[in-house]
Amino acid sequence: MQIYNSLNRKKEEFIPGNPGKIGMYACGVTVYDLCHIGHARSLVVFDMIYRYLKYRGYEVTFVRNFTDIDDKIINRSNERGVSWKALAEQYIEEFYVDMDRLGLLRPTYEPRATDHIVEIIELVRKLEEKGLAYAVDGDVYYRLQDFKGYGKLSGKNIDDLLSGARVEVDDRKESPLDFALWKKSKPGEPSWESPWGAGRPGWHIECSAMSRKFLGDTFDIHGGGKDLIFPHHENEIAQSEGASGKPLARFWVHNGFVNIDSEKMSKSLGNFLTIRELLEECHPEILRFFVVSSHYRSPIDFSNENVAVAAASLERLYQSLDRLLRTAAGASATTSSMDEKIDSWRQDFTTAMDDDFNSAAACAVLFEVSKEVNRWLDADIAAEDDKPAAAGCIARFLREIGAPLGLLQEDPQAFLQRGGSDGELSAVEIEALIADRAAARSGRNWAAADRIRDLLDEKGVILKDSAAGTLWQRKH
RNA sequence: GGCGCCAUCGCCAAGUGGUAAGGCAGAGGUCUGCAAAACCUCCAUCUCCGGUUCAAAUCCGGAUGGCGCCUCCA
């Protein structure tokens, strides 16, 4: 398996430190607001990676943190007049609502910064002992000049950073680049006792402390959005490697951004979209398809048109799955005449995903299967005693390779008939009209039958007549 | 100013030296009472200019055009 390593900016053969086992850490969210689709992409990408690594038979320990204390949380809690703790709790709950709807697997551990103050203090002390940290007036800073190798992830060097520094000058710091490991708390702010007085952790230190606790000094994969490369991940390296003297992560994996209508999504532009808002418009698997249909490192452009393309594409796959399931009609044989074909498709899928999680190429395999299946189902060739069994095997296989991508896990009918909210016809009403139309049709009263179909069409319902009866789905 | 990324059909998107996957949309056809779905056929030489090579979308140089990070950020 090849994975692109941000550390060296190239694809490298991925070999876990412990055979068969993988330790993976992904930076999670700061819980002071609802998640937007940029978070969604990152979350879906690492969920896909987690799922795929497990699919490949690895025992994966996946850690994703919650940053539940920081300036933004404190500011917002002051604005709202609620405690920082209550605010964090609220958005952790909201986070889970979104994640469950997106079908994200729960990581092995989801540590919170404030549950690891002891570990954080211990780590800061260790850095202090090694001369890599210094305390000033209740704050503790990292002494950057003394950590050689700073900038190896982001490709920056200390001199360039110093010359172009836009950081606030703070006379108490030895260098403008030194960053806070521990912050003295102001009166009224949340605080924890420490050797340096009451305070709270800096932003970067929690990840170093928690990854070490759950995964050890060195682990396999560390991930997050591209924007975290500098300074967050760079600083994590300085902290963790400064303290342990060992490499922090073997592979650094970073996902690309989400743009909206070709513009960077940002709060200042007012063009950010929450996961919740989007999910009112489209099925969660459509969002997942949208994410997974491009490579995780490329930027993706979010627009109504692109979501519509994703929806239409996914529908095609579900049409095939639907036909397969109908043909299988409960057949549960685990082998069939299609086994060889299935093995070959599985190989194609694995080859695609083994190449730096190339999910876009993996999607192409899904469509190849779909195409061949439709052709096979249409052909109606003889010697098909095996057909239900084979169809069942293929359906199961489609779901097997769809699973790491988070696709095709829904009941096809439910997916194709999704929607039906306010003002639209209910399934019962639709079925009734279909029955009326069937009566008209059996009397060869085409005009009446077409009138009903046109009516349904206006209401966004499409009919599919077949020998087995009439199926319906909603237009989207 | 420093560092880095990208540019493939109307849209989305793979491809990393051997002669352009896939999806959506579009055109024609098959099936159908008519449709829908599906199937068949058609639909790009890869921003531009040089270079390396028997061979380049793929490597090198340059140009143009996008974008990101350097400040909180997935």
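Heavy-atom basis, side chains included; hydrogens, waters and symmetry copies ignored. In what follows, chains carry the letters A, B, and so on, assigned in the order in which the sequence lines appear, proteins first and then strands, with residues in each chain numbered from 1.
With rounding to whole Å, Lys10(A) atom NZ is found 21 Å from rU58(B) atom P. One atom, CZ of Phe302(A), and another, C1' of rC67(B), lie 19 Å apart when rounded to the nearest Å. One can place CG of Asn358(A) at 9 Å from C1' of rG15(B), the figure rounded to the nearest angstrom. Taking atom CZ of Phe290(A) as the reference point, atom P of rA13(B) lies 8 Å away to the nearest angstrom. Atom C1' of nucleotide rC40(B) and atom CH2 of Trp376(A) are separated by 20 Å, given to the nearest angstrom. Atom P of nucleotide rC72(B) and atom CG of Leu228(A) are separated by 12 Å, given to the nearest angstrom. As a whole-Å value, the separation of Leu161(A) CG from rU71(B) P is 8 Å. Rounded to an integer number of Å, the gap from Lys464(A) NZ to rC34(B) P is 19 Å.
Within 4.0 Å of Lys226(A), counting heavy atoms only, lies no atom of the nucleic acid at all. Within the nucleic acid shown, Asp450(A) comes within 4.0 Å of at least one base atom, counting heavy atoms only. Using a 4.0 Å heavy-atom distance criterion, Gly155(A) is classed as a sugar-phosphate-only contact. At the heavy-atom level, Arg441(A) lies under 4.0 Å from base atoms of the strands shown. Using a 4.0 Å heavy-atom cutoff across all strands shown, His254(A) reaches no nucleic acid atom at all. As judged by a 4.0 angstrom heavy-atom cut-off over every strand, Arg64(A) is placed among residues making no nucleic acid contact. Backbone-only engagement by Ser298(A) is indicated by non-hydrogen atom pairs under 4.0 Å involving sugar-phosphate atoms exclusively. When heavy atoms are screened at a 4.0 angstrom cut-off, Val45(A) is found touching no nucleic acid atom at all. Counting non-hydrogen atoms under 4.0 angstrom, Gly28(A) reaches the backbone sugars and phosphates but no base. Residue Arg444(A) is out of contact with every strand shown, counting any heavy-atom pair closer than 4.0 Å.
If you check rG1(B) for Watson-Crick or wobble pairing at under 3.5 angstrom, you find it paired to rC70(B). rG65(B): Watson-Crick or G-U partner is rC6(B), with both key distances under 3.5 Å. Nucleotide rA25(B): unpaired (no Watson-Crick or G-U wobble partner with both distances less than 3.5 Å). Under the Watson-Crick or G-U wobble criterion, with both distances below 3.5 Å, rU16(B) is left unpaired in every strand shown. The partner of rC46(B), taking Watson-Crick or G-U wobble pairs whose two distances both stay under 3.5 Å, does not exist in any strand shown. Of all nucleotides present, none satisfies the Watson-Crick or G-U wobble test against rU52(B) with each distance under 3.5 Å. With a cut-off of 3.5 Å on both pairing distances, the Watson-Crick or G-U wobble partner of rA38(B) is rU30(B).
Listed pair Asn306(A) / rC12(B) fails the phosphate criterion, with no side-chain N or O lying under 4.0 Å from OP1 or OP2. Contact annotation: Arg316(A) reaches the phosphate of rC39(B) (side-chain N/O to OP1 or OP2, under 4.0 Å). Side-chain nitrogen and oxygen atoms of Lys264(A) include at least one within less than 4.0 Å of the OP1 or OP2 phosphate oxygen of rC69(B). Close to rC40(B), at under 4.0 Å from its OP1 or OP2, lies a side-chain N or O of Arg375(A).
Checking rC34(B), rA14(B), rG4(B) against the side-chain heavy atoms of Ala361(A) singles out rA14(B) as nearest. The side chain of Ile462(A) has rA36(B) as its nearest neighbour among rC70(B), rA74(B), rA36(B). Proximity note for Asp160(A) (side chain, C-beta onward) versus rA74(B), rG23(B), rG2(B): the nearest is rG2(B). Of the candidate nucleotides rA13(B), rG33(B), rG23(B), rG33(B) has the atom nearest to the side chain of Arg453(A).
Taking the C1' atoms as reference points, rA20(B) lies 22 Å from rC60(B), given to the whole Å. Taking atom P in both rC34(B) and rU16(B), the straight-line distance is 47 Å, to the nearest Å. For rG66(B) and rC72(B), the P atoms lie 28 Å apart once the distance is rounded to whole Å. Rounded to a whole angstrom, the distance from the C1' atom of rA63(B) to that of rG23(B) is 34 Å. rU58(B) and rC6(B) are spaced 13 Å apart, taking the P atom of each and rounding to whole Å. The C1' atoms of rU45(B) and rC3(B) are separated by 34 Å, rounded to the nearest whole Å. Across the P atoms, rC40(B) and rG22(B) are found 11 Å apart, a figure rounded to whole Å. Here, rG4(B) and rC9(B) have their P atoms 28 Å apart, quoted to the whole Å.
One can find a donor-acceptor pair under 3.5 Å joining the base of rC34(B) and the side-chain atoms of Asp465(A).
Ion pair Arg375(A)/Asp378(A) not flagged as a salt bridge, since none of the NZ, NE, NH1 or NH2 atoms sits closer than 4.0 Å to an Asp/Glu carboxylate oxygen. A salt bridge does not link Glu285(A) to Arg418(A): none of the charged side-chain nitrogens sits closer than 4.0 Å to a carboxylate oxygen.
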- Which is it for His476(A) and His283(A) under the ring-ring contact (aromatic ring centres under 6.0 Å, His included) test, yes or no, and what are the steps along the way? CA-CA 11 Å; His476(A) 292 96; His283(A) 186 99; 9.3 Å; no
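Position along RNA chain B of the nearest nucleotide to Ser293(A) versus His204(A) favours Ser293(A) as the more 5'-ward residue. Each of Ser262(A) and Ile37(A) was assigned the nucleotide of RNA chain B with the nearest heavy atom; the assignment lying further toward the 5' end belongs to Ser262(A).
Lys183(A) places no side-chain N or O within 3.5 Å of a backbone atom of Asp70(A) that could act as its donor or acceptor partner.
The aromatic rings of Phe179(A) and His204(A) lie perpendicular to each other, with more than 60° between the two planes, well past the 30° mark.
The cationic group of Arg346(A) does not satisfy the cation-pi geometry with Phe349(A), failing either the under 6.0 Å distance to the six-membered ring centre or the 45° limit from the ring axis. Taking the centre and axis of the six-membered ring of Phe46(A), the NZ or CZ atom of Arg64(A) falls outside the cone set by 45° and 6.0 Å.
The aromatic ring of Trp446(A) is stacked on the base of rG33(B), with the two ring centres less than 5.5 Å apart and the planes inclined by under 30°.
When the options Asn445(A), Asp465(A), Leu456(A) are evaluated for a side chain to side chain contact (heavy atoms under 4.5 Å, CB included) with Arg437(A), the one that passes is Asp465(A).
Looking at Leu433(A) and Val461(A), their side chains never come closer than 4.5 Å, going by heavy atoms from C-beta outward.
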